[in-house]
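The structure presented is a predicted model; accordingly, all values stated were derived computationally and were not measured.
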Amino acid sequence: MNWKNAAIILLATISLTACKNDIDTFKDNYSLEITNPKNSYTNSDSINLSVIDASEIGNDSIIWHINAGKVMGENSNTLSRKLDTQPYGKLTFEASIYKDDKVVTKSAHITRLAPNNVKVYQIEEIATYPHKTESYTQGLEFYGDSLYESTGQFKESDLRITDVNTGEALKKFELPDHIFAEGMTILDNKVYQLSWQAGYGYVYDLSLNRIDEFKYGRSKEGWGLCNDGQFLYKSDGTDKIWKIDPITFEEISYVQVVSTKNSITKINELEWIDGKIYANVYQTNGITIINPQTGVVEGIVDLKSLTAQIPNANKDDNVLNGIAFNPKSGTIFVTGKRWDKMFEIKIKK
């Protein structure tokens with residue numbers, strides 16, 4: 001190596017080191033602080049946050065997020081919010097600070113558990129129908145007069161229209177062997193189906209013709225899916241439920257599912273019923289009723305009387321999974337993975 005090449009390498013190394021140090025200094029300069037920290041917070045409290053600029057570098061702009069949701073109309077060093085308008089659980093605030101083509105994101109959080117005890121509901125069994133044990137049920141939903149079902153497992157996954165009275169598949173779309181399908185929902189004549197760990201989902205028309213696919217964002221896995229008539233709601237196996245734009249597939253925000261004692265993980269199949277999210281929690285014998293605005297668990301529907309009728313329930317992963325509300329009858333249909341029965345029920349409230 002001649003002296004010219006050595007000099008060029010030395011200068012490049014110095015430049016890169018200086019650049020790295022400059023970026024590190026920029027990142028270390030800022031912090032996000034809660035200006036009124038408390039041991040516990042009530043709905044009458046406000047949360048106040050400030051971006052601390054240690055060296056008074058300044059900024060070009062600041063973008064705020066609460067639970068991954070962008071706060072519109074805010075571009076200052078401070079943010080204040082009343083807690084009665086915010087979700088429960090771990091409430092995460094983020095400030096993304098922009099300056100001279102550089103950006104750094106700082107975060108802070110508080111945690112609030114649910115304020116009330118959970119109500120427990122019993123059920124009335126209306127009818128029992130046959131269900132195919134080949135179906136590793138992941139999603140279940142009525143749309144018009146049709147019952148759509150998503151089934152999982154590698155080399156077995158499909159999307160089907162199921163005959164309620166016989167359990168037979170009237171029509172079926174089989175997925176590639178490497179895809180493990182998960183939950184599904186139907187919005188504006190489109191069927192949305194999740195994969196488990198592939199990082200993307202599919203869109204179909206009502207005849208099960210695939211018309212599109214979409215990628216996941218910060219929610220790394222796909223578990224359950226439902227909709228409120230405008231937005232999609234997705235569980236990812238954690239304690240979060242993500243609100244998603246059905247056109248752009250942007251993950252708009254999330255709520256953390258919480259009770260009076262802790263957060264609830266393994267949120268699975270979802271169904272939107274009368275403004276609430278009804279959810280299976282993996283390997284449990286009930287339906288959890290969740291407030292989609294706050295994340296608070298408001299009720300538990302006890303389904304042990306149904307799982308007792310399934311010989312292999314809760315064995316070999318043959319667990320309760322599948323909730324479908326029939327708006328015409330006002331009843332709920334539930335089944336499980338490889339169950340031989342599907343039940344029509346009403347909740348006693």
>> Could you see if L91 belongs to whatever hydrophobic cluster contains L49? Use Ile, Leu, Val, Met, Phe, Trp, Tyr and a side-chain cutoff under 4.5 Å.
In response: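 Same cluster: L91 reaches L49 through Ile, Leu, Val, Met, Phe, Trp or Tyr contacts under 4.5 Å.
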> Going only through I, L, V, M, F, W and Y residues with side-chain contacts under 4.5 Å, is there a path from Y278 to F142?
Replying inline: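 Looking at the clustering, F142 is in a separate group from Y278.
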Is the side chain of [X] donor-acceptor paired with the backbone N or O of [Y] at a distance under 3.5 Å, no angle test?
X    : Y    : value
N280 : G322 : yes
E269 : L140 : yes
Y148 : L206 : yes
E271 : C226 : no
N268 : Y282 : no
S235 : G224 : yes
T335 : K341 : yes

>> Under the ring pair (Phe, Tyr, Trp, His ring centres under 6.0 Å) definition, can you give me all pairs with a residue in residues 150-175, not counting sequence neighbours?
In response: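 For residues 150-175: F154-F180, F173-Y204.
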> Under the ring pair (Phe, Tyr, Trp, His ring centres under 6.0 Å) rule, what pairs show up with a residue in residues 28-85, not counting sequence neighbours?
Replying inline: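 Output for this query lists F26-Y30.
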Can [X] and [Y] be counted as an ion pair, charged N to O under 4.0 angstrom?
X    : Y    : result
D236 : K220 : no
K328 : D145 : yes
K276 : E298 : yes
K190 : D188 : no

Contacts of type salt bridge (Lys or Arg N to Asp or Glu O under 4.0 Å), residue [X], not counting sequence neighbours:
X    : result
E156 : R338
D302 : K304
K172 : E134
K349 : none

> What residues, two or more places apart in sequence or in another chain, satisfy side chain to side chain donor-acceptor pair (under 3.5 Å) together with E250?
Replying inline: none
> Is the NZ atom of K99 crowded by more than 12 outside heavy atoms at less than 6.0 Å?
Replying inline: yes
> Crowded around K90 NZ? As in, over 12 foreign heavy atoms under 6.0 Å?
Replying inline: no
>> List the residues meeting side-chain contact (heavy atoms from CB on, under 4.5 Å) with E221, not counting sequence neighbours, and say none if there are none.
In response: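 E221 satisfies side-chain contact (heavy atoms from CB on, under 4.5 Å) with W196, Q197, W223 only.
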> What is the distance from atom CG of L159 to atom CD of E174, rounded to the nearest 0.5 Å?
Replying inline: 11.5 Å
> Got a second to check how far Q256's CD is from T265's OG1, nearest 0.5 Å?
Replying inline: 10.0 Å
> Does a side chain donor of either S150 or Q193 reach within less than 3.5 Å of an acceptor in the other side chain?
Replying inline: yes
By the rule that ILVMFWY residues connect when side-chain heavy atoms come within less than 4.5 angstrom, directly or transitively, which residues belong alongside [X]?
X    : value
L194 : L187, Y192, V203, I211, F214, Y216, L225, L232, W242, I244, F249, Y254
V296 : Y88, V258
Y98  : I63, V103

> With a 4.5 Å heavy-atom cut-off, do L79 and N48 have their side chains touching?
Replying inline: no
> Is there a side-chain contact between L303 and I123 (heavy atoms, below 4.5 Å)?
Replying inline: yes
>> Show me the pairs that pass side chain to side chain donor-acceptor pair (under 3.5 Å) and involve residues 114-127, at least two apart or across chains.
In response: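 Only E125-Q309 qualify under side chain to side chain donor-acceptor pair (under 3.5 Å).
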